[in-house]
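First listed ligand is number 1; within each ligand, the first listed atom is number 1.
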Amino acid sequence: MNTTLKEGIDWVGYIDWTVRDFHGYKTDSGSTYNAYLIRDEKCAVIDAVKAQYVDKYIARIQALTDLKNISYVVCNHAEPDHSGGLPGIMEACPQAELVCNAKCKDALEKHFDTSAWKWRIVEDGDSISLGKRTLSFINTPMVHWPESMFTYVPEDKLLFSMDAFGQHFATAFRFDDEEPLDVIMQEAKAYYANIVMLYGRPIAQTLDRAAELEIEMIAPSHGVIWRSHLKEVLAAYRKWVVCKPTPKVIVLYASMWQATEHMAEAILEGVQEHEVEARFYNVDATHSTQIATEVLDCAAIAIGSPTLNNTLMPNLAGVLCYLKGLRPTQKKGFAFGSYGWSKRGGASEVEDAMKEMKIELMQEPIRSQYVPTPEILEQCREAGRAMGRYAEQFTK
Ligand SMILES: Cc1cc2nc3c(=O)[nH]c(=O)nc-3n(C[C@H](O)[C@H](O)[C@H](O)COP(=O)(O)O)c2cc1C
C-alpha cells in the first residue's frame, strides 16, 4: 500500500473495514480515519483516529520516526473519530504541543483529561514552520463543527481538509486515482448529503477561501486522498452546497395496507411520462442514508403517509426528522396519504414537515379515504406529471 503523499509526508491512519454505522449514517463501505505524519526538521502529526485504534496509529508513526521527534500534534476537528486517539499520542509524545484553535481546545477539554497536555493555540491565518515546510491554519467553522479547521502546507500545495471532501469508504488504496472515480464520487456525495448538507453556506465560503490557495492535493480525514480528481470533487461541491436540482423526482412513502402505496405508484406513473430520473422509496425498504443522498440533488419530492392513531407513520416521521435536520434546499413537492375517518394526521402532518423543511409546495395534499378511487389515482398521476414536467427543465 502506497502511503506517501509527498516526500516526507505519509498517511498514518486506520482503515475501518467493518464499521457500518456513523451516528445513523449507514456506512456499508466502511470508512478510514486518516491521520498524517510530516517529517521535516521538526515533525508534525495531523489528526488522530478513533480511540480504539490508537495503538495501530502510533505503530504506523513509529515505523517512520522515533516518537521523540514529534513536535506538534495538530487537531483539525474535535469529533471523537479524529480526536479519540489524542490522549494516547499525547501521552506517548509528552514533548509535543497540541496545535488547535481556541474553540477546539475548549471542546477537547470537555472530552478528555487534557491536564498534562502542552498547547499551541493558533488563530486563523497563523502558521508554524517545521523547517522546509510551513503549516498554516484556516478556520472553517461549521465544516463540520464550530472548531473545524484546515491545515495547509504551501510548499507542497497540500490541504488537510478534515471532514470536507471526505468519504466513508474503506479501501486498501489511499488515492483517488486508485479506485473507480464513479465509486468515490458516489461515496463523497453520500458523505456530503448525510454529514454536512446543512452547512452548505459555510462550506461555500470555505470553497471560496480554498480557491485562493494553490492546491495540488486534498487530504481529507476519511476516505481517499484527492490528487488526480480535485477538479471533479471541487465542481461537485459547488453544486452540492446549493443542493442544485437535477432532473430527478423522488416518491417516498409509508403504507400499512397499500392504499398510500397505490397512490405512490400512480404518482410514479405520472412522473415516468417525462424524461427524468425517478426514485421510488418505501421507507421500510430503504435506509435514510440512501434517501438523504438522493434528496441532495433531486428537483421534486412527493411524500406520503397513511394516518395511524391520528398522526403519520413513525418510520416515515423518523426519516422526515432526519431530512429536516439536513436541511435540503431548492426542492418542490407535495404530500399525500390515505386515511380512515379523520383528515388530521397522515398527509397533513407530512405537509407540515415539508413546510418546516422549506420545500416549496406544488399543490394541496392528495388524500384518499381508505382505498383510492380511479379519480384519486388520476389526481395522483396528474400531480406526478407536474413534478416530472418541473424536473425536466433541469435537463442539460
Ligand atoms: C392501527 C391503525 C390505526 C389507524 N388510525 C387511524 C386514525 O387515527 N385516523 C384515521 O383517519 N384513520 C386511521 N386508520 C385508518 C387508516 O388510515 C386507513 O386504513 C388507511 O387507508 C391506511 O392506509 P394504507 O393502506 O396506506 O396503510 C388506522 C388504521 C390502522 C390499521
Side-chain angles (χ1 to χ4, degrees), residues 24 26 248-274 276-295 298-326 328 331-391:
K26 194 158 170 276
K248 180 170 68 179
V249 173
I250 296 175
V251 181
L252 169 67
Y253 70 96
S255 187
M256 299 181 282
W257 295 106
Q258 283 71 55
T260 307
E261 184 164 64
H262 291 321
M263 297 171 80
E265 285 163 350
I267 294 166
L268 179 70
E269 282 168 22
V271 172
Q272 286 176 309
E273 289 179 26
H274 292 268
V276 295
E277 279 183 70
R279 299 282 186 272
F280 189 75
Y281 296 131
N282 179 329
V283 281
D284 288 334
T286 310
H287 197 271
S288 53
T289 303
Q290 189 182 343
I291 296 169
T293 305
E294 294 296 339
V295 165
C298 77
I301 180 166
I303 307 177
S305 174
T307 301
L308 168 77
N309 304 334
N310 291 314
T311 184
L312 72 165
M313 295 286 284
N315 43 1
L316 182 70
V319 173
L320 294 184
C321 173
Y322 185 64
L323 291 176
K324 209 160 60 182
L326 291 171
K331 311 300 168 207
K332 288 194 181 192
F334 63 89
F336 64 97
S338 176
Y339 66 97
W341 50 92
S342 134
K343 288 191 180 174
R344 288 186 301 126
S348 304
E349 289 191 23
V350 169
E351 188 182 68
D352 290 345
M354 292 176 85
K355 282 181 188 160
E356 279 186 65
M357 287 162 68
K358 301 203 167 50
I359 293 175
E360 190 183 325
L361 297 173
M362 301 174 78
Q363 62 171 78
E364 292 289 304
I366 305 178
R367 294 187 178 88
S368 167
Q369 189 169 21
Y370 294 116
V371 176
T373 60
E375 292 72 30
I376 290 175
L377 290 177
E378 184 47 32
Q379 271 182 42
C380 291
R381 251 175 244 114
E382 189 47 39
R385 285 181 201 113
M387 286 205 298
R389 238 184 340 267
Y390 171 69

Among protein heavy atoms, which sits nearest to [atom], and what does the distance come to when rounded to 0.1 Å?
atom	answer
atom 21 (O) of ligand 1	S338 OG, 2.6 Å
atom 27 (O) of ligand 1	M256 N, 2.5 Å
atom 22 (C) of ligand 1	P306 CB, 3.8 Å
atom 9 (N) of ligand 1	T307 CG2, 3.3 Å
atom 1 (C) of ligand 1	L308 CD1, 3.4 Å
atom 8 (O) of ligand 1	N310 N, 2.7 Å
atom 5 (N) of ligand 1	N309 N, 2.9 Å

Looking only at distances, can you tell me whether any N or O atom of G340, backbone or side chain, sits closer than 3.5 Å to an N or O atom of ligand 1?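 Such a contact does occur with ligand 1.
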Nitrogen or oxygen of V371 less than 3.5 angstrom from that of ligand 1: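 Between V371 and ligand 1, no N or O pair is found under 3.5 Å apart.
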Give the atoms of ligand 1, by number and element, whose distance to some non-hydrogen atom of [X] is under 4.0 Å.
X	result
Q258	24 (P), 25 (O)
A259	21 (O), 23 (O), 24 (P), 25 (O), 26 (O)
T260	23 (O), 24 (P), 26 (O)

Would you please indicate yes or no on a ring centroid separation below 6.0 angstrom for Y339 and Y370?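 Not under 6.0 Å, so no.
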Please check if any side-chain donor atom of S348 sits under 3.5 Å from a side-chain acceptor atom of R367, or the reverse.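 Per modelled atom types, S348 and R367 side chains form a pair under 3.5 Å.
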Assess the side chains of Q290 and H287: does a donor N or O sit below 3.5 Å from an acceptor N or O?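 On atom types as modelled, these side chains do not qualify, holding no pair under 3.5 Å.
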Got Y253 and V283 here, is their nearest side-chain heavy-atom distance under 4.5 Å?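 No, every pair of side-chain atoms sits at 4.5 Å or beyond.
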I want to check something: taking the side chain as every heavy atom from C-beta on, are F336 and I267 in contact at a cut-off of under 4.5 Å?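 A side-chain contact exists here, since the closest heavy-atom pair is under 4.5 Å.
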Just wondering, more than 12 heavy atoms not from E364 lying within 6.0 Å of its CD?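 Incorrect, the count does not exceed 12.
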Of the listed options W257, Y339, W341, closest to atom 13 (C) of ligand 1 (non-hydrogen atoms):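 Result: the heavy atom closest to atom 13 (C) of ligand 1 is in W341.
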Please report the closest heavy-atom contact between [X] and [Y], naming both atoms and the distance.
X	Y	value
P328	L323	CD-O, 3.2 Å
I359	G333	CG2-N, 3.6 Å
S342	N310	OG-OD1, 4.1 Å

